[in-house]
Amino acid sequence: MLGLMQDWPLLLHRIIDHAAIQHGTREVVSRAVEDGTLRRRSYREIRSRALRVAKRLDREGIGLGDRVATLAWNSDRHLELWYGISGIGAITHTVNPRLFPEQIAGIVSHAEDRLMFLDLTFVPMIEAIQEKLPSVARYVVLTDAAHMPQTRLRGAVAYEDWLTEADDDFTWRAFDENTAAGLCYTSGTTGGPKGVLYSHRSNVLHALACAAPDYMGLSARDTVMPVVPLFHANSWSLAYSAPMTGAKLVMPGAKLDGPSLHELLEGEGVTMTAAVPTVWLGLLQHLEATKGELSTLKRVVIGGSACPRAMTETFERKYGVTVAHAWGMTEMSPLGSFCSVKPVYEQLSGDALYDLKVKQGHPPFTVEFRLTDDAGRDLPWDGKTFGRLKVRGPAVAGAYYRHDEKILDDQGFFDTGDVATIDPAGYMQVTDRSKDVIKSGGEWISSIDLENLAVGHPDVAEAAVIGVAHPKWDERPLLVIVPKPGRAPSKEEMLAFMTGKIAKWWLPDDVVLVEAIPHTATGKIQKTRLREMFKDYRLPG
Ligand code: AMP
């Protein structure tokens with residue numbers, strides 16, 4: 001027997017409708033890419049403009065299932081595009097501008113995007129490769145007539161001019177909730193980029209799960225600044241979960257440096273923000289140098305790569321801001337787990353609490369975990385045994401876009417490629433990417449643990465650990481460090497600092513200082529590139 005409740009499909013435009021009706025005057029503040037000034041709109045205006053986008057796209061001949069690319073920073077325009085594109089059943093393909101031009105050409109062609117909306121910043125890059133983008137019939141530059149550059153881009157038009165040709169007298173299209181809404185290619189840390197195709201249903205469920213108190217914990221009284229880009233896996237849900245709850249949004253545009261972010265945090269009264277650790281490194285360095293404060297910020301969500309313990313301690317002890325360590329992946333929409341405190345750990349304080357916060361945490365409802373060995377046998381959740389972390393849920397990929405590869409095991413779980421432990425309370429801790437773990441004498445050393453420890457040294461700005469070939473042990477750890485300005489910690493100092501905090505055989509065999517560590521397009525340490533840089537390196541002795 002079926003239930004007798006209403007058929008109300010989970011469609012994304014219902015979110016912006018709700019925001020406009022219930023939180024219509026709440027602001028979306030954006031830093032303009034043109035000149036860095038702040039632009040203020042309300043959710044009511046964002047919805048009206050999204051409807052105009054939808055109507056204008058419809059007139060352009062874009063419809064159900066068509067792919068539309070955006071190459072853009074976080075802004076009000078990018079937000080209204082998202083709702084406008086998916087509101088007619090078309091698919092927003094968020095292109096990561098930090099990919100190499102060749103990779104961009106590859107994914108845009110693979111997706112067969114028909115239109116591209118791009119920020120001024122990216123006009124020269126796309127001009128240089130537009131011959132390799134035959135599917136794109138037209139380019140819309142996210143600016144007004146006054147700032148529109150001379151450009152050779154096919155059919156180029158300024159967004160504000162393009163939008164003037166439609167009013168908001170439009171009704172969202174009706175379609176099944178499983179209709180595709182967004183396309184995001186993985187950053188290709190391993191292998192080439194692969195497309196993850198989100199649906200309306202998966203994104204709505206993901207946003208609901210994220211907004212809950214033990215996860216993003218959003219409310220109408222929050223002011224949320226997603227520093228994590230809309231092109232990095234749904235901006236970790238915030239472009240949906242913030243309007244869903246009525247939180248004010250602050251969009252930082254192209255300026256993601258410490259001083260610019262600090263100005264927005266303080267000036268707009270931000271209470272919650274989210275980004276990868278490298279972004280926060282820039283903010284913390286700025287605060288240290290200027291003796292700045294964080295007077296309104298309550299929570300910072302840190303994920304995308306492991307959040308070093310030292311970073312958590314600085315935010316919490318020095319600035320009184322609670323850190324929530326989060327883990328996820330493009331294939332998971334992306335949220336997989338969040339490290340909030342369950343009652344079993346309520347009594348923890350001081351160092352013991354920071355030990356807990358180093359973990360990636362527990363999954364929300366809609367994400368199931370499995371831990372297995374290489375043969376697919378389940379492993380115990382004892383907080384010690386590590387194995388392959390597998391996931392299942394309604395916002396987890398079941399296949400890649402236009403790819404035949406089978407990606408689920410016989411129980412429908414997706415192998416994340418991460419090696420992890422899970423404790424009896426359900427807290428997961430990532431030991432490493434399976435490709436990055438260091439195999440020494442048949443045992444495993446976690447590069448993440450060593451990195452976390454090394455950045456706790458007062459002279460270290462950033463640290464990365466890779467395995468290098470060793471004739472006896474197979475691989476041994478090499479610690480690569482970017483020192484803080486004017487500092488140069490020696491190998492002996494570093495090893496002395498680490499001794500006693502880890503098993504003796506985990507101590508790196510050597511320490512090398514470098515000016516910079518390479519990062520991927522989503523701000524993760526690029527281990528493949530780092531291994532390449534040190535391919536001729538020989539360990540001492
Ligand atoms: P991406 O899909 O590009 O966001 O990459 C997902 C991968 O990033 C995961 O499989 C992890 O290896 C890594 N990752 C994400 N968040 C964390 C975290 N908090 N700690 C450690 N690794 C993380």
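Predicted model only: the values in this text are computed from it and were never measured. Both counts, for ligands and for their atoms, begin at 1 and track the order of listing.
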Worksheet item: Which atoms of ligand 1 are found less than 4.0 Å from any heavy atom of Gly304?
Response: 8 (O), 13 (C), 14 (N), 15 (C), 16 (N), 17 (C), 23 (C)

Response to the item:
Per-atom filter on ligand 1: closer than 4.0 angstrom to a heavy atom of His232 are 4 (O)

Worksheet entry | Shortest heavy-atom approach to atom 20 (N) of ligand 1 - which of Gln429, Arg433, Lys435, Gln360 | Gln360

Worksheet, complete the sentence: Of Val196, Thr186, Thr330, the residue with the heavy atom nearest atom 2 (O) of ligand 1 is Thr330

Worksheet item: After noting the C-alpha distance and the side-chain angles of Val136 and Ile126, does the key distance pass the side chain to side chain contact (heavy atoms under 4.5 Å, CB included) rule?
Response: CA-CA 11 Å; Val136 181; Ile126 297 301; over 6 Å; no

Worksheet item: Using 4.0 Å as the upper bound for N to carboxylate O, is an ion pair formed by Lys132 and Glu102?
Response: yes

For [X], is at least one N or O under 3.5 Å away from an N or O on ligand 1?
X: Ala306; result: yes
X: Trp327; result: no
X: Cys307; result: no

Ring geometry between [Y] and [X] (parallel below 30°, tilted from 30 to 60°, perpendicular above 60°):
X: His93; Y: Tyr185; answer: tilted
X: Tyr400; Y: His403; answer: perpendicular
X: Trp444; Y: Phe386; answer: parallel

Worksheet item: Using the benzene-type ring in the case of Trp, are the ring centres of His362 and Tyr215 under 6.0 Å apart?
Response: yes

Practice prompt. Take atom CZ of Phe100 as the centre, draw a 6.0 Å sphere, and report whether it contains more than 12 heavy atoms from other residues, nucleotides or ligands.
Written response: no

Fill in: Residue-ligand contact Lys524/ligand 1, heavy atom below 4.0 Å
yes

Worksheet item: Is Gly328 in contact with ligand 1, taking contact as a heavy-atom separation below 4.0 Å?
Response: yes

Worksheet item: Given that the side chain starts at C-beta and the backbone is N, CA, C, O, which of these parts of Ala326 lies under 4.0 Å from ligand 1, counting heavy atoms, or is it both or neither?
Response: backbone

Worksheet item: Taking non-hydrogen atoms only, is Met329 closer than 4.0 angstrom to ligand 1 via side chain, backbone, both or neither?
Response: both

